[in-house]
Amino acid sequence: MQYISTRSSSVNADTSAAQSFSDILLGGLAPDGGLYLPVTYPQVSGVELDAWRTLSYADLAYNILKKFATDIPDDDLHALAHKTYCQDVYCNSRSDEDAGQITPLRVIQKKGDTTLILQALSNGPTLAFKDMAMQLLGNLFEYTLAKQNAELNIFGATSGDTGSAAEYAMRGKKGIRVFMLSPHKKMSPFQTAQMFSLQDPNIFNIAVKGVFDDCQDMVKAVSNDLTYKVRQKIGTVNSINWARVVAQVVYYFRGYLSATTNNQQKVSFTVPSGNFGNICAGHIARMMGLPIDQLVVATNENDVLDEFFRTGVYRVRKSFETHHTSSPSMDISKASNFERFVYDLLGRDGDRVRALFQKIDTHGGFDLSGNLGSDGDEFSKLAQYGFVSGKSTHQDRLKTIRNVQTMSGVTIDTHTADGVKVALEHIKPGVPMIVLETALAAKFNETIKEALGHDAERPAGFENIEALPQRFEVMSTDVDQMKAYIAKHTGL
């Protein structure tokens with residue numbers, strides 16, 4: 001399996017520059033500013049799907065990962081999958097379902113021939129879906145660095161959950177330091193405490209005076225300075241990292257196999273989405289042959305993606321236009337992973353992808369609607385990829401949290417509420433709709449209390465997390481200042 005950039009020179013480009021999984025594992029952006037994708041997507045047969053129905057989550061992960069990481073010896077990859085998904089944090093799951101399932105399903109509404117299902121993804125150490133990929137990424141990083149006798153300085157950005165998931169996955173890992181940017185005073189108190197209370201010497205938290213998109217732009221600016229990136233040994237754990245996306249492909253397969261009894265059946269997935277990383281994994285699973293009917297993009301008030309899938313217009317908002325909402329991990333107006341899907345939508349024309357994404361910098365977006373003056377006419381092709389979308393607001397969130405609690409006894413978090421609200425707008429008879437859980441409700445207690453009139457239940461060990469001492473730096477959006485800070489603390 002070889003990988004190329006979404007901005008490779010043309011659809012018929014020479015693939016001699018293609019790289020292996022291990023080559024791209026520790027990095028983020030490709031040297032040309034694009035994102036990595038396989039030269040071709042591996043396919044999954046019906047025979048394989050049948051065989052996978054009885055596998056543990058760790059074994060399912062191994063079977064999917066080995067289609068992408070063909071340069072890692074099978075025995076090593078098998079060991080890494082089992083180290084990740086059979087550690088205590090998963091095999092002693094906080095879910096009251098079978099702990100061995102790792103991502104159990106729960107029916108939260110059944111009306112006639114329509115079924116709404118929640119797939120639990122919050123059983124990791126930071127109570128969010130990003131643990132599912134980040135725990136694997138930490139083990140892959142440590143394995144690869146040991147092989148190379150190398151070090152890595154991770155530079156990332158978070159709107160709330162990525163940062164804590166990355167830091168908990170990387171804390172104490174040999175040869176790894178983490179520099180994590182977050183928007184100052186724009187995460188929930190729980191999310192903030194979860195990150196800033198870490199005292200590990202290899203963890204550096206930087207609160208940026210701005211919004212998430214400012215943080216993300218800084219990460220891209222540093223990644224695009226190739227000389228600095230190499231000298232400082234910069235890598236990333238943001239969803240632009242291909243290994244993170246691959247790890248998320250696994251739970252689409254698990255969700256499908258758990259919700260069906262044969263391969264003639266289809267399911268749909270609704271995904272709360274800001275950076276397009278999680279639902280991009282669903283797109284890849286579908287391209288591999290997983291029988292997915294719809295991929296439903298659920299946004300909050302920051303509805304850049306919803307606007308695109310409704311109209312064909314991708315219009316990035318400016319910082320002052322980005323709403324600070326009660327589902328803060330989706331307060332994103334520039335979706336990093338969206339480029340991966342657009343690459344497929346445009347027939348893998350890297351030249352055109354490069355031009356369109358450069359147009360974001362010069363014109364604030366692009367238009368694929370096919371209307372006069374647009375950049376193309378690909379909007380009509382969206383249907384073949386199964387994408388639809390919708391938007392949820394704060395009042396929708398409150399109503400949905402109450403409704404789900406009443407009909408199922410389950411307390412969902414604010415982002416998952418966005419997903420449920422939009423899922424119900426697209427649910428079809430005879431096709432189970434699976435909503436991917438984002439996090440435990442306890443991470444967003446203020447809104448839960450507003451919706452239900454009482455605090456969200458907290459798992460053991462998190463009762464007084466906000467009271468713990470916090471360690472972080474407050475900085476501006478000055479990229480040069482950030483580079484100097486990293487260099488000072490790496491000694492390189």
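Residues Ser327 and Asn300 have side chains that bring a donor and an acceptor to within less than 3.5 angstrom of each other. In this structure, a donor-acceptor pair under 3.5 Å is absent between the side chains of Gln109 and Ser408. Judged by distance alone, the side chains of Tyr36 and Gln19 do bring a donor and an acceptor atom under 3.5 Å apart. Side-chain polar atoms of Asn403 and Thr406 form no donor-acceptor pair below 3.5 angstrom. Counted by atom type alone, Glu437 and Ser122 present one or more donor-acceptor pairs between their side chains at under 3.5 Å. With no hydrogens or angles considered, no side-chain donor-acceptor pair links Thr400 and Lys421 at under 3.5 Å. The closest side-chain donor-acceptor pair between Gln135 and Thr84, if any, does not fall under 3.5 angstrom. Under the 3.5 Å distance criterion, with hydrogens and angles disregarded, no donor-acceptor pair is assigned to the side chains of Ser197 and Gln470. With no hydrogens or angles considered, a side-chain donor-acceptor pair links Thr126 and Asp131 at under 3.5 Å. Inspection of the Arg177 and Asn153 side chains reveals an N or O donor paired with an N or O acceptor under 3.5 Å. Counting only N and O atoms by type, the side chains of Asn63 and Glu48 include no donor and acceptor under 3.5 Å apart. Between the side chains of Asp455 and Asn445, at least one donor N or O lies within less than 3.5 Å of an accepting N or O. Side-chain N/O atoms of Lys229 and Ser223 include no donor and acceptor closer than 3.5 Å. Between the side chains of Gln191 and Ser182, no donor-acceptor pair of N or O atoms lies under 3.5 Å. In this model, no donor atom of one side chain and acceptor atom of the other lie less than 3.5 Å apart for Arg244 and Asn241.
Pairs engaging residues 272-299 under the salt bridge (Lys or Arg N to Asp or Glu O under 4.0 Å) rule: Asp293-Lys428 [sequence neighbours left out]. Within the structure, every pair that satisfies the ring-ring contact (aromatic ring centres under 6.0 Å, His included) test and touches residues 434-456, not counting sequence neighbours, is listed here: His415-Phe444.
Under the 4.0 Å criterion applied to side-chain N and carboxylate O atoms, Lys443 and Glu466 are not assigned as salt-bridge partners. Comment: Glu142 engages Lys173 in a salt bridge, judged by a side-chain N to carboxylate O separation of less than 4.0 angstrom.
The aromatic rings of Phe179 and Phe204 lie parallel to each other, with less than 30° between the two planes, well short of the 60° mark. Relative ring orientation between Phe462 and Phe190 is described as parallel, the plane-to-plane angle staying below 30° on a 0-90° scale split at 30° and 60°.
Between the side chain of Thr158 and the backbone N or O of Gly163 there is at least one donor-acceptor pair closer than 3.5 Å. Using modelled atom types, no side-chain atom of Gln248 and backbone atom of Cys280 make a donor-acceptor pair closer than 3.5 Å. Although no hydrogens or angles enter the test, the distance criterion places no donor-acceptor pair under 3.5 Å between the side chain of Ser258 and the main chain of Gly255. Judged by distance alone, the side chain of Asp71 and the main-chain N or O of Ser20 form no donor-acceptor pair under 3.5 Å.
Nearest heavy-atom pair, Pro459 versus Ala442, reported as atom, atom and distance to 0.1 Å: CD-CB, 4.5 Å. Closest heavy-atom contact between Tyr85 and Leu136: OH-CB, 3.8 Å.
Using a 4.5 Å heavy-atom threshold, the side chains of Ile72 and Phe21 count as touching. Side-chain atoms of Val410 and Gln405, non-hydrogen and from C-beta on, never get closer than 4.5 Å to each other. Inter-residue side-chain proximity for Phe141 and Val237 is flagged as met; some heavy-atom pair is nearer than 4.5 Å. Side chains of Arg397 and Thr325 form a contact here, defined as non-hydrogen atoms less than 4.5 Å apart. Counting heavy atoms from C-beta on, the side chains of Leu140 and Leu25 come closer than 4.5 Å. Between Leu436 and Tyr251, the closest side-chain pair of non-hydrogen atoms falls below 4.5 Å. Cys215 has its side chain within reach of Pro183: a pair of non-hydrogen atoms, C-beta onward, lies under 4.5 Å apart. Contact check for Tyr252 versus Val249: no side-chain heavy atoms found under the 4.5 Å cut-off.
Heavy atoms of other residues, nucleotides or ligands lying less than 6.0 angstrom from NZ of Lys399 number 12 at most. The 12-atom threshold is not exceeded at CG of Asn149, counting heavy atoms of other residues, nucleotides or ligands nearer than 6.0 Å. Surrounding CD of Glu457 are at most 12 heavy atoms belonging to other residues, nucleotides or ligands under 6.0 Å away.
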Handout entry: Pair Thr414-Thr447, side-chain hydrogen bond (donor to acceptor under 3.5 Å, both in side chains): steps then yes or no
Key = CA-CA 7 Å; Thr414 53; Thr447 306; 5.6 Å; no
Problem - Stepwise side-chain hydrogen bond (donor to acceptor under 3.5 Å, both in side chains) test for Gln265 and Thr261 - result: CA-CA 8 Å; Gln265 297 171 290; Thr261 57; 3.1 Å; yes
Exercise for the section: Given side-chain hydrogen bond (donor to acceptor under 3.5 Å, both in side chains), test Thr260 with Arg53 step by step and report yes or no. Expected result: CA-CA 9 Å; Thr260 62; Arg53 288 183 179 276; 3.1 Å; yes
Exercise for the section: Please test Glu450 against Arg402 for salt bridge (Lys or Arg N to Asp or Glu O under 4.0 Å), starting from the C-alpha separation and ending with a verdict. Expected result: CA-CA 10 Å; Glu450 182 181 357; Arg402 293 186 194 111; over 6 Å; no
Handout entry: From CA spacing to verdict: side-chain hydrogen bond (donor to acceptor under 3.5 Å, both in side chains), Asp344, His283
Key = CA-CA 10 Å; Asp344 285 338; His283 164 66; 2.8 Å; yes
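Taking the six-membered ring where the residue is Trp, the centroids of Phe269 and Tyr256 are separated by 6.0 Å or more. You'll find the ring centres of Tyr3 and Phe68 outside the 6.0 Å limit.
Between Lys391 and the choices Asp396, Asp303, Asp418, the salt bridge (Lys or Arg N to Asp or Glu O under 4.0 Å) rule is met once, by Asp303.
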